[in-house]
A.B. asks: 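Here it is, the structure, as structure tokens.
Every value quoted in this text rests on a predicted model; they were computed, and no experiment measured them.
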Amino acid sequence: MSKAHASGLFRIVMEIGSIAVLGAGQMGNGIAQVAACAGYDVKMIDIEQSYVDKGMSAIESSLAKFVSKQRMSQQDADAAFARVRAHTSKQAASDCDLVIEAIPEIPELKFSTFEELDSICKPETILASNTSSISIDQIAASTRRPERVIGMHFMNPVPIMKLVEIINGSNTTNEVNAAVVEAAERMGKTALSCNDSPGFVSNRILCPMLNEAILTLQEGVAEPEAIDGIMKLGMNHPIGPLALADLIGLDTVLHIMNVLHEGLADDKYAPAQLLIEMVEQGRLGRKSGQGFYEY
């Protein structure tokens, strides 16, 4: 586990009452939704009103699907939606117990955002990042509260997927980990903890597999349909690796492979040349309409 220690500088918040979610995109609005469904008062924050409006609409639509599938009542859906408040200023997070950042995977943007949150939020606030690959220690170094910085890596789509990968930095305390695990479990998730390391657990194992599938295609071993079919039917994977890479976004897969290659200093993590070329050509998967398949 992490080099955890009890801090005498701040009052440890063992119970989280209010949550701010920074980012109203697909991940952010999903996190806001599951937090609101768990009974938390949620502030969803983004830089433009149109972004938070779109995020609120996504939550409303997602809740309606749950109601239509009889997975929740209309009354509960209405109550959850009412617990989410939209904001366009980070200042709205000032009185929250937990802030979950879900902004683009750009290191400098993460660092500057956490530096800003550190100055805005009360001293005992826990600052969490939904990052899929950026070092929690590097993010924490942008703050004066590294013991209260942690990773909360939700899976996409957030309302459906059960896992939250909890990433402890070198200074994250046991108390902070316990509070965040409890919050994730209240949201109906299974929270599994690991220590800060390139790619954490999920992407350190997943992305090299995706990269290997791309190398298999690059070397002419099989066509995409055969590669994906063999992994689905033979290994009981719900989706083939190339289709999954398209779903994640080839630019994201390339970014994570570069993080692994650089962070672990091992050429077995070098990204496939085909992956590099496809990203350079703008063939990013579902988001661009073309990857290993047409969409």
Side-chain angles (χ1 to χ4, degrees), residues 1-3 104-108 110-111 129-141 151-156 161 163-170 172 192-288 290-293:
M1 208 31 69
S2 65
K3 300 172 185 173
E105 285 284 275
I106 302 168
E108 293 73 19
K110 300 272 194 194
F111 303 153
S129 177
N130 182 54
T131 181
S132 60
S133 62
I134 298 169
S135 167
I136 298 302
D137 281 346
Q138 288 183 5
I139 291 172
M152 287 186 81
H153 180 203
F154 288 80
M155 304 294 128
N156 187 24
M161 300 291 280
L163 175 68
V164 180
E165 186 178 31
I166 308 294
I167 307 104
N168 297 307
S170 299
T172 308
L192 298 174
S193 297
C194 64
N195 292 324
D196 191 24
S197 181
F200 316 136
V201 172
S202 55
N203 283 321
R204 179 170 178 169
I205 294 172
L206 174 66
C207 286
M209 185 194 75
L210 303 185
N211 193 58
E212 198 65 35
I214 297 167
L215 285 168
T216 304
L217 175 64
Q218 176 181 306
E219 294 166 11
V221 178
E223 292 299 310
E225 293 81 3
I227 294 169
D228 280 355
I230 287 166
M231 295 306 293
K232 285 194 294 181
L233 299 174
M235 309 306 161
N236 204 28
H237 288 196
I239 184 172
L242 298 178
L244 180 56
D246 276 354
L247 179 63
I248 293 169
L250 302 192
D251 51 340
T252 301
V253 175
L254 177 58
H255 167 72
I256 295 169
M257 289 307 301
N258 285 329
V259 167
L260 292 172
H261 191 206
E262 181 180 344
L264 297 170
D266 191 328
D267 282 345
K268 76 176 183 178
Y269 298 108
Q273 186 59 36
L274 177 59
L275 174 61
I276 295 170
E277 290 171 0
M278 289 178 71
V279 172
E280 287 175 349
Q281 294 163 8
R283 294 167 59 196
L284 308 180
R286 287 180 184 253
K287 69 174 81 174
S288 69
Q290 186 179 24
F292 296 106
Y293 300 95

A.B. asks: Partners of A141 by side chain to side chain contact (heavy atoms under 4.5 Å, CB included), sequence neighbours excluded?
C.D. replies: none
A.B. asks: By side chain to side chain contact (heavy atoms under 4.5 Å, CB included), which residues pair with P104, not counting sequence neighbours?
C.D. replies: I106, L109
A.B. asks: Any salt bridge (charged side-chain N to carboxylate O under 4.0 Å, His left out) pairs touching residues 129-139, not counting sequence neighbours?
C.D. replies: none
A.B. asks: In residues 240-260, what donor-acceptor pairs under 3.5 Å come from side-chain atoms, sequence neighbours left out?
C.D. replies:
from : atom 1 : to   : atom 2 : distance (Å)
D246 : OD1    : F292 : N      : 3.0
D246 : OD2    : F292 : N      : 3.0
D246 : OD2    : Y293 : N      : 3.1
D246 : OD2    : Y295 : OH     : 2.7
D251 : OD1    : K287 : NZ     : 3.0
D251 : OD2    : K287 : NZ     : 3.2
H255 : NE2    : S133 : OG     : 3.3
N258 : ND2    : L254 : O      : 3.3

A.B. asks: Any side chain to side chain donor-acceptor pair (under 3.5 Å) pairs touching residues 259-269, not counting sequence neighbours?
C.D. replies: H261-D267
A.B. asks: Between atom SG of C194 and atom CD1 of I166, what is the distance when rounded to the nearest 0.5 Å?
C.D. replies: 9.0 Å
A.B. asks: For the side chain of N130 and the backbone of F154, is there at least one donor-acceptor N/O pair under 3.5 Å apart?
C.D. replies: yes
A.B. asks: Give me each pair satisfying salt bridge (charged side-chain N to carboxylate O under 4.0 Å, His left out) with a member in residues 215-228, each pair once, sequence neighbours excluded.
C.D. replies: none
A.B. asks: How long is the gap from CD on E212 to CG on L217, to the nearest 0.5 Å?
C.D. replies: 12.0 Å
A.B. asks: Extract all donor-acceptor atom pairs below 3.5 Å that involve side chains of residues 271-285 and protein atoms in other chains or at least two apart in sequence.
C.D. replies:
from : atom 1 : to   : atom 2 : distance (Å)
Q273 : NE2    : E277 : OE2    : 3.4
Q281 : OE1    : R283 : NH1    : 3.3
R283 : NH2    : G291 : O      : 3.4

A.B. asks: Restricting to non-hydrogen atoms, name the atom on H153 and the atom on S132 that form the minimum distance, rounded to 0.1 Å.
C.D. replies: NE2-CB, 3.5 Å
A.B. asks: List for me each residue that meets side chain to side chain contact (heavy atoms under 4.5 Å, CB included) alongside T131, sequence neighbours excluded, and say none if there are none.
C.D. replies: E105, K110, S129, I134, I136, I139, F200
A.B. asks: Give the intermediate values and the outcome of side-chain contact (heavy atoms from CB on, under 4.5 Å) for residues S193 and N168.
C.D. replies: CA-CA 7 Å; S193 297; N168 297 307; 4.1 Å; yes
A.B. asks: Give a yes or no answer on whether the side chain of E165 reaches the backbone of S202 with a donor-acceptor pair at less than 3.5 Å.
C.D. replies: yes
A.B. asks: Considering all heavy atoms of both residues, which atom of A222 and which atom of I227 are nearest to each other, and what is their separation?
C.D. replies: O-CD1, 3.6 Å
A.B. asks: State, with a plain yes or no, whether a side-chain heavy atom of S197 is found less than 4.5 Å away from one of R204.
C.D. replies: yes
